[in-house]
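Keep in mind the model is a prediction, meaning the values are calculated, not measured.
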Amino acid sequence: MSKKENFLKGFFNENPIFVFLLGMCPALAVTATFETALGMGLLVIFVLTFSNIVVSLLRHYIPEHVRTPSYIVIIATFVTLVEMFTEAYAFALYESLGIFIPLIVVNCLILGRAESFASKNNVLDSAIDGLGMALGFTFALIVIGSIREFLATGGLVWGEYLPFFVDQPVSLSLDLIIHLFDDSITIKDFGLAMFSLPPGAFIALAFILAFFQFKKVRKEEKEAAAKKAWIEQKKKEALARKKAKALKESGEAA
């Protein structure tokens, strides 16, 4: 596998959430808004990338019988760092994510990559694998969070939980377009508040998984059709060669 394939595999073909259904607790619990989803994704990017690097560096020195506890200690160290950083510099996000920050320690995606990849590969490949899988995980969280927030409120807000780049929260809402035609209508009046609640997370994720499954089935059908056409073409070519050989032999006999 090339380094490019190693990096990109986490986005679609081996996406932790949409394909392997790993790390589902944060995917359902902290994706009520685009910002909280992005915030959790950023924390996972740091933890997964650096835990993969350290596990790869120490893979020859960690005894086999304490392998898993050692990985958990390494992961917990980085989780503690991101928890302290979030509490200090993004307290709204820290309060919003709550118990799900320390629960990153037992995220099956992070421990799974340490066990299945970082413990068997060099530092560079492990770093690329961790970064790619974490970005794929973040991409999935952002998709779910954006859909849920948009359906619940009719827009997206930046600056409420992640106080970076803006002094005040900035809202991107359909109201900006609707008010061009009628000021009396507000998109929040038509928002589906259910999508900001846990049942909305299950429904949004179900439709996304159905879409990915549909794409997978269509791809398999196309590959099967292409393979069948290739086999039929080979059969026709073999039959033509057989007929040509028979004609040649009959001509020589005559």
Sorted by chain and residue number, the ring pair (Phe, Tyr, Trp, His ring centres under 6.0 Å) partners of Phe139 (sequence neighbours excluded) come out as Phe12
In this structure, CG of Leu141 is separated from CD1 of Ile17 (nearest 0.5 Å) by 4.5 Å
### Query
Is Leu103 close to Cys25 at the side-chain level, that is, under 4.5 Å between some pair of heavy atoms?
no
Check residues 223-245 and write down every donor-acceptor pair under 3.5 Å in which the side-chain atom is one partner and the other belongs to a residue at least two apart or another chain.
| residue | atom | partner | partner atom | Å |
| --- | --- | --- | --- | --- |
| Gln233 | NE2 | Glu237 | OE2 | 3.2 |

Would you mind writing out the side-chain donor-acceptor pairs for residues 87-102 within the sub-3.5 Å range, not counting sequence neighbours?
none

Cut-off 3.5 Å, no hydrogens considered: what does the side-chain donor-acceptor table look like for residues 110-118, sequence neighbours left out?
| residue | atom | partner | partner atom | Å |
| --- | --- | --- | --- | --- |
| Arg113 | NE | Asp129 | OD2 | 3.2 |
| Arg113 | NH2 | Asp129 | OD1 | 2.6 |
| Glu115 | OE1 | Arg67 | NE | 2.9 |
| Glu115 | OE2 | Arg67 | NE | 3.1 |
| Glu115 | OE2 | Arg67 | NH2 | 3.2 |
| Ser116 | OG | Gly112 | O | 2.7 |

Across all chains, not counting sequence neighbours, the side-chain contact (heavy atoms from CB on, under 4.5 Å) partners of Glu220 are Lys216
Does any N or O in the side chain of Asn15 come within less than 3.5 Å of the main-chain N or O of Gly10, such that one atom is a donor and the other an acceptor? yes
Under 3.5 Å, side-chain donor or acceptor atoms of residues 194-214 against the rest of the protein: list the pairs with distances, not counting sequence neighbours.
| residue | atom | partner | partner atom | Å |
| --- | --- | --- | --- | --- |
| Ser196 | OG | Ala193 | O | 2.6 |

side-chain contact (heavy atoms from CB on, under 4.5 Å) filter on Val123, not counting sequence neighbours, yields Ile53, Ser56, Leu57
Contacts of Phe7 meeting ring pair (Phe, Tyr, Trp, His ring centres under 6.0 Å) (sequence neighbours excluded), chain-then-number -> Phe11
Under 3.5 Å, which donor-acceptor pairs link side chains of residues 76-83 to any protein atom two or more places apart or in another chain?
| residue | atom | partner | partner atom | Å |
| --- | --- | --- | --- | --- |
| Thr77 | OG1 | Val73 | O | 2.8 |
| Thr80 | OG1 | Ala76 | O | 2.8 |

Cluster membership besides Met84, Ile/Leu/Val/Met/Phe/Trp/Tyr side chains within less than 4.5 angstrom, sorted by chain and number, is none
Residue set satisfying side-chain contact (heavy atoms from CB on, under 4.5 Å) with Ile142, at least two apart, ordered chain then number -> Phe34, Leu38, Thr138, Ser146
So side-chain hydrogen bond (donor to acceptor under 3.5 Å, both in side chains) across residues 28-49, not counting sequence neighbours, yields Thr31-Arg148, Thr33-Thr36
Answer whether the closest heavy-atom distance between the side chains of Val19 and Glu14 falls below 4.5 Å. no
